[in-house]
Amino acid sequence: MRVINFAHGDIMMIGMYLTYNFFTLAGVDPFASIAFTIPLMFLFGAFLQKTFINRVLGALPQNQILLTIGLGLIMSNTMMFIYTSDYKILTTPYSSSSFNIGAISISWPLAISFLITAAITLLLYWFLMRTDTGQAIRATAQDREAAQLMGINVKRMSILAFGMGAALAGTAGALVSPTYYIFPQIGSTFTLKAFVITVLGGMGSIVGATIGGVIIGVAESLGAVYISSGWKDVVVFVLFLLVLLFKPAGLLGKSKM
């Protein structure tokens with residue numbers, strides 16, 4: 001929707017803390033908690049869009065960047081105030097379990113996360129491509145003025161899209177919470193990776209983002225195994241720079257003539 005959101009990782013962090021609360025207070029499994037996380041994070045994202053981001057849609061991109069950075073700082077510092085900066089850990093019976101395929105060891109929680117993510121990605125792709133609301137969102141993303149002339153409520157579509165983005169980010173937080181430490185500043189790491197994946201795959205392409213995410217994940221894993229765990233991020237960014245050098249629009253992006 002042409003919104004430069006530097007609070008995306010912090011929204012994911014909120015999802016991780018929601019999952020932590022559901023697990024510690026109600027005993028809800030982290031993967032099952034997405035049934036509660038999705039609607040709550042959707043409402044949170046819709047609130048952010050309607051209250052703050054709609055006001056800067058017509059402003060300079062720098063204003064969007066500053067606004068979302070500020071919102072991210074508010075989120076992370078609020079969580080620090082409530083939970084302190086101590087690391088939280090979700091310990092489940094399967095947190096450290098794995099299985100082998102040949103000589104490859106695969107983590108069970110990461111494998112489950114991958115399958116759930118694949119299913120959600122397919123559902124999102126179907127929604128945007130096959131439903132009237134999804135097509136209205138795509139039309140708004142392509143040209144807000146033209147979409148409005150066609151009778152589309154562009155503000156409503158923006159709220160719906162940002163709410164869905166927040167719900168997906170919160171879901172990601174729930175899915176990785178069994179395998180990651182949870183702390184207020186974790187969002188910045190994932191924000192950076194999200195931008196790398198988006199640009200690598202091609203702006204506005206769901207398929208491209210999916211392929212970019214898989215490439216980044218595989219590159220990190222291979223870099224950690226064959227080079228060093230401290231160099232895995234370097235491998236990712238070298239790969240990212242090579243793609244930008246030879247295909248600046250991303251793997252599935254289209255350059256504007």
Evaluate whether atom CZ of Arg138 has more than 12 neighbouring non-hydrogen atoms of other residues, nucleotides or ligands under 6.0 angstrom away. yes
Heavy-atom pair with the smallest gap, counting every atom of Pro184 and Asp10: O-OD1, 4.3 Å
Can you list every pair that meets salt bridge (charged side-chain N to carboxylate O under 4.0 Å, His left out) and has a residue in residues 56-70, with sequence neighbours left out? none
Given side chains that start at C-beta, do those of Met12 and Thr191 come closer than 4.5 Å, heavy atoms only? no
Listed partners of Lys232 passing side-chain hydrogen bond (donor to acceptor under 3.5 Å, both in side chains), at least two apart: none
When you look at CZ of Phe127, are more than 12 heavy atoms from neighbouring residues, nucleotides or ligands closer to it than 6.0 Å? yes
Counting only heavy atoms not in Phe81, do more than 12 sit closer than 6.0 Å to its CZ atom? no
Validation row: Phe6, Ser188 side chains within 4.5 angstrom (heavy atoms): no
Could you walk me through whether Phe190 and Tyr180 satisfy the ring pair (Phe, Tyr, Trp, His ring centres under 6.0 Å) test, starting with their C-alpha distance in whole Å, then the side-chain angles of each, then the deciding distance to 0.1 Å, before giving a yes or no? CA-CA 12 Å; Phe190 285 101; Tyr180 276 83; 5.4 Å; yes
Between Leu57 and Gln64, the two heavy atoms sitting closest are O-NE2, 3.9 Å
If we ignore hydrogens and angles and just use 3.5 Å, is the side chain of Ser98 paired with the main-chain N or O of Trp108 as donor and acceptor? no
If you measure from OG on Ser221 to CD1 on Ile216, what distance do you get to the nearest 0.5 Å? 11.0 Å
Could you give the distance from CD1 (Ile53) to CG (Leu71), rounded to the nearest 0.5 Å? 6.5 Å
Should we say atom CZ of Phe195 is surrounded by more than 12 heavy atoms from elsewhere, each under 6.0 Å from it? yes
If you look at every heavy atom in Ile152 and Ala139, which pair is closest and at what distance? CD1-CB, 4.0 Å
Would you say CG of Leu149 has more than 12 non-hydrogen atoms from neighbouring residues, nucleotides or ligands within 6.0 angstrom? yes
Any side-chain heavy atom of Val236 within less than 4.5 Å of one from Ile215? no
As an exercise, state the distance from NZ of Lys193 to NE2 of His8, rounded to the nearest 0.5 Å. 14.0 Å
Sub-3.5 Å donor-acceptor pair from the side chain of Thr179 to the main-chain atoms of Val176, do we have one? yes
Quick check: do Leu90 and Ser95 have side-chain heavy atoms less than 4.5 Å from each other? no
Identify the two heavy atoms, one from Met41 and one from Ala166, that lie closest to each other, and give their separation to 0.1 Å. O-CB, 3.4 Å
Centre-to-centre under 6.0 Å for Phe31 and Phe23, is that the case here? no
First locate atom CG of Leu245, then atom CZ of Phe240, and finally report the distance between them rounded to the nearest 0.5 Å. 10.5 Å
What distance separates Lys50 NZ from Phe162 CZ, expressed to the nearest 0.5 Å? 15.0 Å
Just wondering, more than 12 heavy atoms not from Tyr125 lying within 6.0 Å of its OH? no
Which heavy atom in Ala7 sits nearest to a heavy atom in Thr68, and how many Å separate them? CB-O, 3.3 Å
Please state whether the rings of Tyr20 and Tyr83 are parallel, tilted or perpendicular, taking 30° and 60° as the class boundaries. perpendicular
May I ask you to test the Phe42-Leu160 pair for a side-chain heavy-atom distance under 4.5 Å? yes
Check whether the side chains of Asp29 and Tyr94 place a donor and an acceptor atom closer than 3.5 Å, and report yes or no. yes
How long is the gap from NZ on Lys88 to CE on Met16, to the nearest 0.5 Å? 13.0 Å
Within 6.0 Å of CG in Asn100, more than 12 heavy atoms from elsewhere: yes
Taking side chain as C-beta onward, heavy atoms only, is Phe22 less than 4.5 Å from Leu40? yes
Quick one, Ile182 and Ile89 - any side-chain contact, counting heavy atoms below 4.5 Å? no
What are the two closest heavy atoms between Thr140 and Ser158, and how far apart are they? CG2-OG, 4.5 Å
